[in-house]
Amino acid sequence: MNILILSVGTRNKIIQYFRKALHGEGNVIATDMSELAPAIYEADKYYIVPSISDPKYIEKILEICEKEKVSGLLSLIDPELSLISLNEEKFNDIGVTIIGSSYEVCERALDKYEMFNWLTKHGYNCAKTYIDKDEFYQDYENRLIDFPVFVKPNRGSASISISKVNNKETLDLLFLNEKDLIIQEFLDGQEIGADVYIDLLSKEVVSIFTKKKIKMRAGETDKAVSFKDKKLFSLLEKFVKEFGFLGQIDIDVFDVNGKYFISEVNPRFGGGYPHAYESGVNHMELIINNLKNKKNIKINGNYKEGNYMMKYNEILIKELNL
Ligand SMILES: Nc1ncnc2c1ncn2[C@@H]1O[C@H](COP(=O)(O)OP(=O)(O)O)[C@@H](O)[C@H]1O
Ligand SMILES: [Mg+2]
């Protein structure tokens, strides 16, 4: 069984974990648009591919799938998730399973304003969100919302262009300089990350790992500690099923005075997944079972609390003729 992982970038550990889970019974094939993406060198085989915005991109990936007899495929970056799910049928036709959510689900999750609308409609706590600045000012005048607020790009990722805004002047300036921003109620609370796997066959939530974020650095969780809470687990299970996610997802939650607020979902392996894996939560095995047409049994919360994760840097040296 061969697995193809797209846009691997610097996610070396994800490739290592898949190779380990396959026990040499198949290859892990990686792609990236750059020879300087260190994770490609962890794979059994790699391909340098065009940018995801190239019209020939999907054709190229389909070619790799056929040549390498790929059974399952996943991407590690947000902008590619909708693209591959949009072409799901073409992949299925050549026997490739996409380990991820449908096109509609990816689009709804990656558009933060759409996500807010969905969460509100379905009765989940979430930060009040505005895409229209005038609407925000109207509520501000009516004392329905106050500064500070949180401003970020509606389809942003990796914490690019995010700001905590304390006054009107700064807000106006941000809106002058950037398009497609949203304004959110500022959530003041404990940030939580959840790594969740939804079985591709039974569509049930089979594994949840939750951690409290202790320190963030450059948009990533730098230090965190594992914990469990039954109330949070059942909230996440209900939410994930209702939204329709499949495969691996990463959820951001805030605990504001004992109430859980759902902030955002990345329908892919999040950068913090190694914390879950190293605590014994092996989602690669769950994926491989699914690709072998085996349903997984529920293992929600099969890990220890109080496991601290501390991130540190690694480097790779290669002699290349570029
Ligand atoms: N409404 C909010 N209130 C307070 N902090 C927030 C809010 N929204 C986002 N953040 C902070 O900004 C970070 C990035 O925002 P997020 O919505 O996750 O976007 P991205 O897609 O860039 O990860 C979060 O991890 C959190 O630390
Ligand atoms: Mg985020």
Side-chain angles (χ1 to χ4, degrees), residues 7 9-11 75-82 101 105-120 124-131 133 135-136 139-140 144-167 170-171 174 178-196 209-225 236 239-240 243 245 248-257 259-276 309 311:
S7 306
T10 57
R11 312 287 296 278
S75 166
L76 298 181
I77 58 165
D78 287 337
E80 189 172 20
L81 300 171
S82 300
S101 303
V105 166
C106 289
E107 281 294 290
R108 212 190 312 134
L110 295 168
D111 185 304
K112 296 180 204 285
Y113 190 64
E114 284 280 317
M115 178 60 128
F116 159 73
N117 284 329
W118 189 93
L119 288 168
T120 319
Y124 293 92
N125 292 326
C126 59
K128 182 137 210 267
T129 304
Y130 303 83
I131 201 149
K133 188 163 59 102
E135 210 177 293
F136 164 74
D139 277 5
Y140 175 68
L144 292 169
I145 189 159
D146 200 0
F147 287 105
V149 289
F150 206 82
V151 176
K152 54 190 174 183
N154 189 36
R155 289 190 69 109
S157 74
S159 293
I160 294 162
S161 296
I162 60 166
S163 12
K164 181 180 179 181
V165 175
N166 288 304
N167 52 55
T170 317
L171 189 66
L174 283 172
E178 227 175 305
K179 273 200 299 201
D180 299 322
L181 292 177
I182 53 165
I183 305 166
Q184 273 190 347
E185 167 191 357
F186 186 80
L187 296 177
D188 192 6
Q190 171 65 54
E191 287 189 53
I192 291 162
D195 298 289
V196 179
F209 174 86
T210 51
K211 69 225 173 194
K212 288 182 184 160
K213 300 180 183 178
I214 298 168
K215 191 170 178 279
M216 304 288 288
R217 193 162 61 102
E220 282 191 20
T221 309
D222 200 44
K223 299 178 196 301
V225 59
L236 293 176
F239 159 65
V240 163
F243 203 96
F245 289 110
Q248 177 71 29
I249 66 168
D250 163 58
I251 314 176
D252 288 342
V253 179
F254 280 74
D255 175 349
V256 184
N257 300 321
K259 260 195 196 166
Y260 290 121
F261 282 64
I262 295 172
S263 177
E264 76 144 0
V265 180
N266 297 305
R268 56 169 169 78
F269 276 100
Y273 173 72
H275 188 177
M309 183 279 293
K311 212 174 257 182

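Numbers here simply count residues along the sequence, with the first being 1. Side chains are part of it too, since the values below use all heavy atoms of this structure and drop only hydrogens, waters and symmetry mates. Counting convention: from 1, in listed order, for ligands and their atoms alike. The structure displayed is predicted, hence computed values, not measured ones.
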Criterion salt bridge (charged side-chain N to carboxylate O under 4.0 Å, His left out) on E220 and K311, from CA distance to verdict: CA-CA 10 Å; E220 282 191 20; K311 212 174 257 182; 2.7 Å; yes
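- Between D250 and R268, no side-chain nitrogen of the basic residue sits less than 4.0 Å from a carboxylate oxygen of the acidic one, so the salt-bridge criterion is not met.
- Remark: R155 does not engage D78 in a salt bridge, criterion side-chain N to carboxylate O under 4.0 Å.
- Taking 4.0 Å as the cut-off between side-chain N and carboxylate O, D195 and K211 count as a salt-bridged pair.
- Scanning F261, F186, F150 for the heavy atom closest to atom 6 (C) of ligand 1 points to F150.
- Shortest contact from atom 8 (N) of ligand 1 to any protein heavy atom: K152 NZ, 2.9 Å.
- Of the protein's non-hydrogen atoms, E191 OE1, 3.3 Å is the one closest to atom 26 (C) of ligand 1.
- A cation-pi arrangement is absent between K128 and F116 under the rule of less than 6.0 angstrom and at most 45 degrees off the ring axis.
- Against a heavy-atom cut-off of under 4.0 Å, D252 is close to the following atoms of ligand 1: 18 (O).
- Listed by atom number, the atoms of ligand 1 under 4.0 Å from Q184 heavy atoms are 1 (N), 2 (C), 7 (C), 8 (N).
- The CG atom of D111 lies 4.0 Å from the CG atom of N154; values are rounded to the nearest 0.5 Å.
- At least one donor-acceptor pair closer than 3.5 Å links the side chain of T129 to the backbone N or O of A127.
- Summary: OD2 is the N/O/S atom of D252 found nearest to the Mg ion (ligand 2).
- Given atom 23 (O) of ligand 1, the protein heavy atom at minimum distance is E264 OE2, 3.0 Å.
- Classified by interplanar angle (parallel below 30°, tilted 30° to 60°, perpendicular above 60°), the ring pair W118/Y124 is parallel.
- Below 3.5 Å of separation, one finds no N or O of N266 facing any N or O of ligand 1.
- One of the N, O or S atoms belonging to E264 lies under 2.8 Å away from the Mg ion (ligand 2).
- At least one heavy atom of E185 sits less than 4.0 Å from an atom of ligand 1.
- Taking every non-hydrogen atom of K112 and a distance limit under 4.0 Å, the qualifying atoms of ligand 1 come out as 16 (P), 17 (O), 19 (O), 20 (P), 21 (O).
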I'd like to know whether F147 forms a side chain to side chain contact (heavy atoms under 4.5 Å, CB included) with V165, so could you lay out the CA-CA distance, the side-chain angles of the two residues, the decisive distance to 0.1 Å, and finally the verdict. CA-CA 7 Å; F147 287 105; V165 175; 4.2 Å; yes
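- Each of the atoms 21 (O) of ligand 1 lies under 4.0 Å from some heavy atom of G156.
- Looking at atom 13 (C) of ligand 1, its nearest protein heavy atom turns out to be S159 OG, 3.8 Å.
- Ranking the protein heavy atoms by distance from atom 4 (C) of ligand 1 puts L187 O, 3.3 Å first.
- Less than 4.0 angstrom separates some heavy atom of S157 from each of these atoms of ligand 1: 20 (P), 21 (O), 22 (O).
- Cation-pi check for R108 over F243 is met; the charged atom lies under 6.0 angstrom from the ring centroid and within 45 degrees of its normal.
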